[in-house]
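Chain letters run A, B, ... following the sequence lines, proteins first and then strands; every chain starts at 1.
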Amino acid sequence: MRFAPSPTGMFHVGSARSALFNWCLAKQSGGTFILRIEDTDESRNRPEWTQGIIDAMAWLGMGTSDPCFEGPYFQSSYAGEHVAAAHRLLSSGSAYYCDCTRDDVVARTGDGNLGYDRHCRDRGLDVAEGRALRFRVPTGHTVVQDRVRGTVEFDNDLIEDFVLLRGNGSPMFLLANVVDDLQMGVTLVVRAEEHLPNTPKQQLIWDALGAAHPAWAHVPVLVNEQRKKLSKRRDKVALEMYKDEGFLPEAMRNYLMTLGWSPGGDVEILPWDDIVASFRLEDVNHSPAFFDLKKLEAFNGDYIRALGVDAFVAACEPWTRSVEGFNEALFRKIAPHVQLRLVRLSDVADAVDFLFRVDPIVDEDSWTKVMTTDIAAAVLRASLAEYERCPWDAESMKAALERIGEGLGLKLGKTQAPVRVAVTGRSVGLPLFESLEVLGRDESLRRLRAAAGRLGVA
RNA sequence: GCCCCCAUCGUCUAGUGGCCUAGGACACCACCCUUUCAAGGUGGCGGCACGGGUUCGAAUCCCGUUGGGGGUGCCA
């Protein structure tokens with residue numbers, strides 16, 4: 001098994017899914033998962049992208065220290081082997097040098113859509129600066145046996161004599177990829193469907209090299225709302241971004257696996273070990289899958305709720321640490337209520353900051369909506385009086401406010417609103433009485449008085 | 001243009017000729033629960049692209065049409 005991304009940007013969610021598929025296969029077969037960085041296009045590579053890939057994979061649970069993990073290897077360091085293989089192809093007659101430019105070809109064929117016209121095929125050109133080495137595609141048909149798609153047949157006459165070595169002598173992807181897979185003993189290639197058209201070409205190279213090609217499996221691409229392939233330019237595809245927004249790696253990897261594959265039956269959220277055990281290439285869907293953020297969020301919420309309190313508090317740390325006046329012990333007390341309401345961990349700060357700040361951030365819309373009613377002043381005045389002496393636990397405070405509501409002919413839903421805005425600054429949020437309990441009597445009363453003061457209540 | 005792939009609710013999918021009056025999940029709507037918001041519960045909306053075959057019987061097999069997608073680089 002191998003996963004061979006090119007380090008040309010942030011780690012793509014589609015790549016992540018391919019990696020995950022490979023990983024599952026390696027795990028269940030006791031095989032090796034090889035990470036090979038395909039960095040043969042020097043102009044588009046950056047070392048930080050490579051580290052980004054490794055970090056993102058580790059985040060998803062594919063760590064370099066895992067027994068099945070091998071690498072990372074860098075394709076660029078095997079250029080010598082690639083060139084050597086190319087020369088073998090040259091001497092066996094499977095390749096030839098060509099000095100045509102793209103413009104030359106188009107000028108001859110008169111059609112920019114057409115491929116190379118095999119102009120130099122039999123010119124017997126020698127190696128020279130600027131001359132590319134092309135593969136001599138044989139006549140006949142190439143049959144690709146694909147483990148997800150079945151049998152796909154290509155007419156060799158329609159495959160152009162593609163370039164193996166550039167004019168500057170550097171190897172191209174098609175060749176490098178094959179040579180590395182051959183050398184590394186790769187027996188199964190699982191990659192995105194966009195590589196299917198490359199497969200007959202690569203299979204031809206394997207044949208010409210006299211080696212048995214690996215088994216192929218092409219999984220459908222991930223698409224956006226317009227049903228176009230997820231692209232780095234248009235779409236939000238960087239795994240790192242999802243991490244920063246508070247998606248749990250467990251939720252992400254579970255969700256990614258369900259795109260194009262299903263564990264069967266009526267469940268889709270299941271333990272990772274079960275996923276690894278039940279994944280089968282033959283069950284992978286043939287059609288593109290839409291990357292649905294809403295569904296990812298649903299998965300994430302589910303995983304957040306399933307966390308133990310300790311794990312939840314720890315997972316929130318990247319976002320809680322920047323909350324003014326944050327106190328972990330206090331947060332822990334309210335955490336179970338927070339867990340129930342979070343879709344992304346990054347929302348935690350807004351949910352709990354009122355507990356820690358000197359003064360809550362007052363949402364003026366909430367204030368206007370709730371505090372300008374007739375009842376607000378009465379509720380505030382009465383609750384101030386009650387809360388100065390009632391036992392400081394959620395149940396008692398609830399009972400007290402219920403009594404106040406009864407006196408005013410209000411349901412609890414109405415009565416709690418002014419208290420909530422006074423204490424939290426907002427009209428929606430965590431359960432009120434539990435929040436008061438955690439906040440403490442002194443601070444709660446102080447905020448109630450401040451709100452009463454703003455309303456002009458004595 | 002040419003080559004290739006694909007086609008079940010809006011979305012992700014289950015389904016491999018009779019268990020299908022097509023199941024689940026997300027989203028959406030309603031109701032219940034309720035301390036706001038969630039969570040949870042119950043119910044609802046909604047689909048086999050179309051046309052031909054094959055068969056006693058087709059979402060499932062075959063052909064065609066249409067529609068989508070991918071590829072078509074001295075990128076990977």
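For residues 258-272 of chain A, the set of pairs meeting the side-chain hydrogen bond (donor to acceptor under 3.5 Å, both in side chains) definition, not counting sequence neighbours, comprises A:Glu268-A:Lys295.
Listed candidates were B:U11, B:G73, B:G70. Nearest to the side chain of A:Arg102 is B:G73. The side chain of A:Ala289 approaches B:U13 more closely than any other nucleotide in the set B:A76, B:U72, B:U13. When the nucleotides B:C3, B:G24, B:C74 are ranked by their closest atom to the side chain of A:Phe154, B:C3 comes out on top. Of the candidates B:G23, B:C75, B:G70, B:G23 carries the atom nearest the A:Asp266 side chain, counting heavy atoms from C-beta on.
B:C3 atom P lies 13 Å from atom NE2 of A:His141, rounded to whole Å. Straight-line distance from the OH atom of A:Tyr116 to the P atom of B:C3: 22 Å, rounded to whole Å.
When both distances must be under 3.5 Å, the Watson-Crick or G-U wobble mate of B:A25 is B:U11. Base pairing analysis places B:C33 opposite nothing; no Watson-Crick or G-U wobble pair with both distances below 3.5 Å involves it.
Listed by residue number, A:Gly130, A:Ala132 are the residues of residues 125-132 of chain A with a heavy-atom contact under 4.0 Å to RNA chain B. Using a 4.0 Å cut-off on heavy atoms, the residues of residues 223-232 of chain A that approach RNA chain B are A:Arg227, A:Lys228, A:Lys229, listed by number.
The shortest distance between the side-chain N/O atoms of A:Asn285 and the OP1/OP2 oxygens of B:A14 is below 4.0 Å. Between A:Thr40 and B:A76 there is a side-chain polar atom (N or O) within less than 4.0 angstrom of OP1 or OP2.
Of the options A:His213, A:Gln145, A:Arg191, a side-chain hydrogen bond (donor to acceptor under 3.5 Å, both in side chains) to A:Thr199 is made by A:Arg191 and by none of the others.
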What are the atom names and distances for every N/O pair under 3.5 Å that joins the protein to nucleotides 5-7 of chain B?
unit_1, atom_1, unit_2, atom_2, d
B:C5, O2', A:Arg149, NH1, 2.5
B:C5, O2', A:Glu193, OE2, 3.1
B:C6, OP1, A:His286, ND1, 3.4

Extract from the structure each pairing of a protein N or O with an N or O of nucleotides 31-38 of chain B at less than 3.5 Å, listing the distance.
unit_1, atom_1, unit_2, atom_2, d
B:U35, OP1, A:Lys398, NZ, 2.9
B:U35, O2, A:Leu432, N, 3.1
B:U35, N3, A:Glu434, OE1, 3.4
B:U35, O4, A:Glu434, OE1, 2.7
B:U35, O4, A:Glu434, OE2, 2.7
B:U36, O4', A:Gln416, NE2, 3.0
B:U36, O2', A:Ser427, O, 3.2
B:U36, N1, A:Arg420, NH2, 3.2
B:U36, O2, A:Gly429, N, 2.7
B:U36, O2, A:Gly429, O, 3.1
B:U36, N3, A:Arg420, NH2, 3.2
B:U36, N3, A:Gly429, O, 2.5
B:U36, O4, A:Pro431, N, 3.1
B:C37, O2, A:Arg341, NH1, 2.8
B:C37, N3, A:Arg341, NH1, 2.2
B:A38, O2', A:Leu340, O, 3.0

Could you write out each protein N or O paired with an N or O of nucleotides 47-50 of chain B at a distance under 3.5 Å?
none

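Between A:Asp180 and A:Arg2 there is no salt bridge, since no side-chain N of the basic residue sits under 4.0 Å from a carboxylate O of the acidic one. Taking a cutoff of 4.0 Å between a charged side-chain nitrogen and a carboxylate oxygen, A:Glu193 and A:Arg149 qualify as a salt bridge.
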